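A short write-up of the structure that comes next.
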Amino acid sequence: DPNVRAFGNPNAGGAITNAKFEADAQQIDIQGPVQFATSLGVYDSTTNLTTYSYAPGFLTTILRSQGDIRFLSSSTPQGTQLTTDWNLDLEAAQIYPATKALATVIAGLRGNDPTVALGPNSNVTLTIGRTTSSIPDAPLSVFGNLTLTAPRVEQGGIVRAPFGGIVLGTGNAPLTSRVDLLPGSLTSVSMAGVTIPYGGTADGVTYSYNGVAVKAMDLTNFSNVGYQSSVTLDAQSVNVAAGATIDLSGGGKLSGAGFISGRGGSLNILNTPLVNANPTTPVSQATDRVY
């Protein structure tokens, strides 16, 4: 792909690298474990010890989207994870997790091993920037959770998680020394003014999303992921510049679709191709009735 450029790494092992990775696109989707570094463990049976060696990958990793950077849900328990040993730049019109997606972005986690994470005084920085001057419409996603952490986090872009959770920084490895919210940045969990489609019913009794019944919210246990909407700034120093916005406002609607087959029709045209409207014929006829 002409939009993907990788420059060679002149150093090996755990030494700092001069390599650079850059990806430019109109849309960037991230799913599953994506790691811009690697570690190799060699077990010595005589000493019963494992020795790790690290390949640091890239000094700077840049993901630049003229549209959105979207984090999709993953089947792994930890969700989608994007990690790199060194600096990471995320530039987009806006950044957000998809519906019910759990995503974590970590810069400064050497070899993806928290025991050798870079210290809080490191200059490793996660930089969030914008590629457009206008503010795009809020995404039609809900209940997503996105954590963005590094020794230093500079949020100068648009990060959203409607009715979900956003965490900038962490008190764990790699410990965050400072979080900066820059002028013009928007960090929002609001869905005000937005109607978001979320599941529906086929029998008028069970409400489902992607074929799985939606459970009633437990209002007595807000510690459950997905049951709280919040923005968390977790660092030794937090700096919110004039012109930076944190939006926790309420509003918005969740909207579902319902179809119940009955007298005169049994096909839902929202999920049934017209060509398959009559299940007894391979091609729909002009006289077929679609409901």
Side-chain angles (χ1 to χ4, degrees), residues 16-24 28-31 33-37 56-65 68-71 78-97 101-114 116-131 144-161 164-189 231-241 244-246:
I16 191 170
T17 168
N18 292 320
K20 176 183 178 182
F21 177 90
E22 181 174 335
D24 298 88
I28 296 178
D29 286 345
I30 300 172
Q31 185 175 39
V34 179
Q35 186 175 333
F36 284 93
F58 304 94
L59 175 63
T60 302
T61 298
I62 302 173
L63 302 181
R64 181 181 295 114
S65 172
D68 300 336
I69 293 180
R70 181 174 56 175
F71 292 89
Q78 66 271 24
T80 287
Q81 288 191 328
L82 172 63
T83 62
T84 179
D85 281 13
W86 305 100
N87 302 301
L88 175 63
D89 291 0
L90 301 178
E91 303 175 18
Q94 62 181 342
I95 299 171
Y96 62 91
L102 174 65
T104 305
V105 178
I106 306 175
L109 188 58
R110 179 169 299 174
N112 204 29
D113 183 350
V116 291
L118 302 178
N121 294 324
S122 167
N123 290 324
V124 171
T125 303
L126 169 58
T127 304
I128 304 166
R130 295 172 61 175
T131 54
N145 285 270
L146 177 60
T147 296
L148 301 160
T149 184
R152 296 182 62 179
V153 178
E154 294 185 357
Q155 155 51 343
I158 297 178
V159 179
R160 282 171 158 151
I166 297 173
V167 178
L168 300 179
T170 179
N172 301 317
L175 184 65
T176 303
S177 62
R178 62 182 294 164
V179 169
D180 294 330
L181 300 187
L182 304 181
S185 66
L186 173 62
T187 307
S188 172
V189 293
V231 173
T232 302
L233 308 178
D234 188 357
Q236 294 175 328
S237 173
V238 174
N239 305 283
V240 181
T245 300
I246 300 175

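All values derive from a computational prediction rather than experimental measurement. By convention here, the first residue in the shown sequence is residue 1.
- Remark: side-chain polar atoms of N87 are paired, donor with acceptor, to backbone N or O of T125 under 3.5 angstrom.
- Residues L82 and L88 have side chains in contact (heavy-atom distance under 4.5 Å, counting atoms from C-beta outward).
- For the pair T61 (side chain) and F21 (backbone), a donor-acceptor distance under 3.5 Å is absent.
- The distance from atom CD1 of I128 to atom CD of E154, rounded to the nearest 0.5 Å, is 9.5 Å.
- Taking all atoms of both residues into account, the shortest heavy-atom contact from G144 to A161 is O-CB, 3.8 Å.
- In this structure, T104 and F71 have side chains that are not in contact, with every pair of non-hydrogen atoms separated by 4.5 Å or more.
- The backbone N or O of A107 sits nowhere less than 3.5 Å from a side-chain atom of T84 that would complete a donor-acceptor pair.
- Panel note: side chain T176, backbone T170; a donor-acceptor pair is recorded below 3.5 Å.
- Considering every non-hydrogen atom in both G108 and P151, the closest pair reads CA-CD, 4.3 Å.
- Expressed to the nearest 0.5 Å, how far CD1 of I158 lies from OG of S188 amounts to 9.5 Å.
- Counting heavy atoms from C-beta on, the side chains of L186 and Q94 never come closer than 4.5 Å.
- In this structure, the side-chain contact (heavy atoms from CB on, under 4.5 Å) partners of D234, at least two apart in sequence or on a different chain, are T232.
- Here the CD1-CD distance, from I106 to Q81, works out to 5.5 Å after rounding to the nearest 0.5 Å.
- None of L181, L182, V179 except one satisfies the side-chain contact (heavy atoms from CB on, under 4.5 Å) rule with V240; the exception is L181.
- Side-chain N or O atoms of Q155 include one that pairs as donor or acceptor with a backbone N or O of G157 at under 3.5 Å.
- Rounding to the nearest 0.5 angstrom, the gap separating the CG atom in L63 from the CD atom in E91 is 9.0 Å.
- Atom CG of L126 sits about 11.5 Å away from atom CZ of R152, to the nearest 0.5 Å.
- Considering all non-hydrogen atoms of both residues, D68 and S65 come closest at O-OG, 2.9 Å.
- Between atom OG1 of residue T83 and atom CD of residue Q35 there is a gap of 4.0 Å, rounded to the nearest 0.5 Å.
- Partners of D180 by salt bridge (charged side-chain N to carboxylate O under 4.0 Å, His left out), not counting sequence neighbours, listed by chain and number: R178.
- Between T149 and V167 the shortest side-chain heavy-atom distance does not fall below 4.5 Å.
- L146 is not listed as a side-chain neighbour of R160, based on a closest heavy-atom distance of 4.5 Å or more.
- Considering only heavy atoms from C-beta on, L90 comes within 4.5 Å of L148 through its side chain.
- When side chains are defined from C-beta on, L233 does not count as touching T187, because their heavy atoms never get closer than 4.5 Å.
- For the pair L175 and Q236, the tightest heavy-atom approach, listed with the atom from each and the gap, is CD2-NE2, 3.5 Å.
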